[in-house]
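I have placed the structure first, in the form of structure tokens, so that the comments after it can refer back to it.
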Amino acid sequence: YIGAGGGANDVQWCFSQVKGAIDDDVAEADIISTVEFNHSGELLATGDKGGRVVIFQQDTENKSLPQCRSEYNVYSTFQSHEPEFDYLKSLEIEEKINKIRWLPQKNAAQFLLSTNDKTIKLWKISERDKRPEGYNLKEEDGRCRDSTTITTLRVPVFRPMDLMVEASPRRVFANAHTYHINSISVNSDNETYLSADDLRVNLWHLEITDRSFNIVDIKPANMEELTEVITAAEFHPHQCNTFVYSSSKGTIRMCDMRASALCDKHSKLFEEPEDPSNRSFFSEIISSISDVKFSHSGRYMMTRDYLSVKIWDLNMENRPVETYQVHEYLRSKLCSLYENDCIFDKFECCWNGNDSVVMTGSYNNFFRMLERTQRRDITLEASRESSKARQVLKPRRVCAGGKRKKDEISVDSLDFNKKILHTAWHPQENIIAVATTNNLYIFQEKVN
Amino acid sequence: ITTECAVDAQSLISISLRKIHNSRTQRGGVKLHKNLLVSYVLRNARQVYMNEKYAEIYRMQQYEEVMTVCNEIQELNPLDLAEDCEEQSADCCGIGNEPPSLCGALLPVSHQAPVQSAHIQPPSACSASLSLQGEDVCKTSEPLFYRSCCAEAYPASNCEFSPANSMHCNKTTVLDLDTHVVTTVENGYLHQDCCASLQPCCPGAQNPAKKRKVDFGYYVSEIEEVPDFTPCKRAKFEDCSYANTEPLDTSNISNLISIFGSGFSGLVSRQTDFEQSLNGQFCSKQALASLGAWTRAIVAF
């Protein structure tokens with residue numbers, strides 16, 4: 001059992017909550033497309049294909065009691081993006097939320113960035129628990145008072161009311177991306193952020209919506225010569241001048257914005273040579289990086305490609321320091337996975353709070369935790385069957401071939417429609433959020 | 001999910017083309033990343049298919065048939081090429097309609113197994129790795145595969161394709177099907193021979209860029225940032241000289257006999273299907289002309 005404890009304190013994971021419809025018939029709009037904890041872990045945001053954002057808040061009232069598990073309850077729900085139509089290009093723009101990123105909290109309100117394929121929005125989520133009462137010119141319900149009936153004057157006062165959480169769009173950052181946005185990342189300077197599409201990375205100031213600076217452009221002069229696209233980008237957690245972007249060719253480039261205005265020239269290139277014995281029709285597809293994440297320490301970064309997770313030391317460019325196989329048994333199935341499009345699934349990955357464990361999803365609603373120090377790994381499942389309160393999750397095993405042992409699942413029995421693409425780890429505690437197609441599972445460390 | 005699936009190059013090509021075609025109607029617009037990845041599979045499958053065809057053709061060694069075809073070709077309008085080619089190549093090479101098997105395609109080429117054996121047992125499906133000599137082949141032959149219509153003659157000494165590596169090129173004669181220029185390479189020296197009936201480049205050739213799009217059976221309308229892509233850089237050959245003609249031994253006969261683009265007999269029929277299904281967005285002439293881009297010079301000895 002693996003978690004942030006490490007060493008002798010192995011973590012057991014238990015079911016805590018599940019959010020979403022129980023229906024087996026999944027409405028397309030309900031498909032979860034992104035999951036993200038805020039910086040304190042108190043808030044958990046999800047975005048879906050229908051353009052909605054749902055924010056859950058951790059119930060902190062009983063946190064002091066060790067037996068009580070903090071639960072996440074719905075805090076706010078709003079429609080972030082709507083479907084649009086680009087008349088010039090005759091293209092429909094999907095409302096699906098590709099990414100959500102929280103801003104560090106500066107005042108009572110919370111801010112997050114949410115993006116679809118083309119437009120990024122800054123949302124302010126604020127609480128209102130008081131309202132003014134005692135107006136002179138209007139009644140409590142808003143109707144105007146007849147001024148001739150007013151004989152006294154009073155000062156309106158704030159009185160408590162039921163908590164109301166409001167989400168309002170404060171900025172709309174539009175028209176800066178020709179291709180589909182795949183990433184947004186807030187800079188550690190808390191003033192700027194980047195957005196990346198297939199061919200370009202743009203730098204924005206959070207206050208300025210009518211201008212963005214293009215800092216990376218890999219579009220070739222002749223589109224026929226295109227060989228790779230940008231798949232993800234992220235700012236360094238501490239160095240505000242540094243960011244990385246990954247490519248479909250399995251490379252990661254680190255750029256320093258101090259070096260030049262246009263960061264087409266990388267300062268570091270992370271690339272591992274391909275293993276020639278593994279060459280297949282699908283080599284290019286499975287080497288495409290689907291996610292890149294810096295460690296909290298800023299010393300490492302993690303990349304996810306179709307079959308593996310790699311951890312890179314920022315000081316070593318020629319190979320990763322650690323490589324973990326997520327589901328190597330799929331290597332012989334690549335052709336079928338190509339036919340049914342599963343090979344194009346973009347799995348994300350995440351670090352735990354102290355960078356000792358990484359997590360990523362797989363098929364059959366399995367997800368994997370990979371413990372770095374002792375190189376141990378575990379496969380767990382997010383399923384309704386294992387969702388009794390505080391039920392401990394049992395490790396799962398996939399039988400790649402040969403005789404199937406009891407409790408093992410054979411590769412051919414895996415359900416490839418049940419995929420876990422998005423996972424998130426609480427920044428401080430052993431609480432994880434795992435998104436299946438349309439449900440959000442929350443698991444917590446077992447407390448004895 | 002099943003263990004068995006269509007691992008042969010030809011069905012991968014058609015699956016890939018179908019994906020590219022379907023992506024045009026997907027909500028949210030064409031996904032550049034996915035289409036780029038699909039084009040890589042398409043390229044890989046086509047290379048394997050070509051290797052297989054080369055191996056088969058070499059086995060046949062039908063010199064006279066090839067020459068006959070060459071003569072007939074010279075009288076053909078390039079746009080008619082596709083229609084006639086299919087029969088001719090069938091005659092020429094006696095190629096049956098069985099799809100080439102992936103792994104069978106590789107073994108003779110990259111492992112230099114004697115190609116006299118008619119049938120190579122394909123190893124089990126997807127797990128068979130493409131020998132990375134395929135990759136080397138790709139690197140050197142990348143420029144050869146993405147030739148636009150007016151491309152120059154195919155290098156004669158594709159010795160990587162020669163199944164028995166002891167085969168060496170001595171004197172090779174090359175016919176460029178597009179320019180109809182016949183050239184001979186002798187011990188590395190290039191002679192420009194007769195250009196039987198010199199015709200100007202086929203009509204579609206002025207715009208090699210457009211050619212490329214139709215190559216993949218994927219016609220993109222003219223809007224500025226609409227993606228188009230090929231995975232490999234197109235090499236620029238200024239003339240008919242072979243930049244990489246290797247120093248040749250005199251010991252043996254030369255090697256490979258290339259095929260017409262219509263050797264992709266399966267592909268031709270599929271492209272025709274696409275034509276019909278795309279409601280006139282495919283210009284059928286363009287589709288046929290695009291096959292010129294698939295063509296290779298015929299190398300005979």
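Applying the salt bridge (charged side-chain N to carboxylate O under 4.0 Å, His left out) rule to B/K34 yields the partners A/D341; only residues at least two apart in sequence or on another chain are considered. The side chain to side chain donor-acceptor pair (under 3.5 Å) search around A/Y306 returns A/Y363, not counting sequence neighbours.
A distance of 11.0 Å separates CG of B/N35 from CG of A/L226, quoted to the nearest 0.5 Å. Atom-to-atom distance recorded for A/E224:CD and B/S39:OG is 12.0 Å, nearest 0.5 angstrom. In this structure, NE2 in B/H33 is found 8.5 Å from CD1 in A/I285, a value given to the nearest 0.5 Å. To the nearest 0.5 Å, atoms OG (A/S248) and CG (B/L32) are separated by 8.5 Å.
Taking 4.5 Å as the limit, every side-chain heavy atom of A/D198 sits out of range of all side-chain heavy atoms of B/L36. For the pair B/K31/A/V229, no side-chain contact is recorded, criterion being any heavy-atom separation below 4.5 Å from C-beta on. Side chains of B/L37 and A/I343 form no contact here, defined as non-hydrogen atoms less than 4.5 Å apart. Contact check for B/Y40 versus A/T227: side-chain heavy atoms found under the 4.5 Å cut-off. Put simply, the side chain of A/Y338 reaches to within 4.5 Å of the side chain of B/K19, judged on heavy atoms.
For A/Q79, the CD atom sits in a packed shell: over 12 heavy atoms of surrounding residues, nucleotides or ligands are nearer than 6.0 Å. Summarising the local packing, CZ of A/F344 is surrounded by more than 12 heavy atoms from other residues, nucleotides or ligands at distances under 6.0 Å. Counted within 6.0 Å of OH on A/Y87, heavy atoms from surrounding residues, nucleotides or ligands total 12 or fewer; the atom is thus considered open. Around CG of A/N175, the count of heavy atoms belonging to other residues, nucleotides or ligands within 6.0 Å does not exceed 12.
Contact of A/S288 with chain B is made through the side chain alone, with heavy-atom distances under 4.5 Å. Of the atoms belonging to A/S90, not a single heavy atom falls under 4.5 Å from chain B.
Between B/G29 and A/L91 the shortest heavy-atom distance is CA-CD2, 3.7 Å.
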Item to complete: Any chance you could lay out the side-chain contact (heavy atoms from CB on, under 4.5 Å) test for A/R279 and B/N44, step after step, and finish with the verdict?
Response: CA-CA 10 Å; A/R279 181 113 187 103; B/N44 295 338; 3.6 Å; yes

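For the pair A/E95 and B/R27, the salt-bridge criterion is met [side-chain N within less than 4.0 Å of a carboxylate O].
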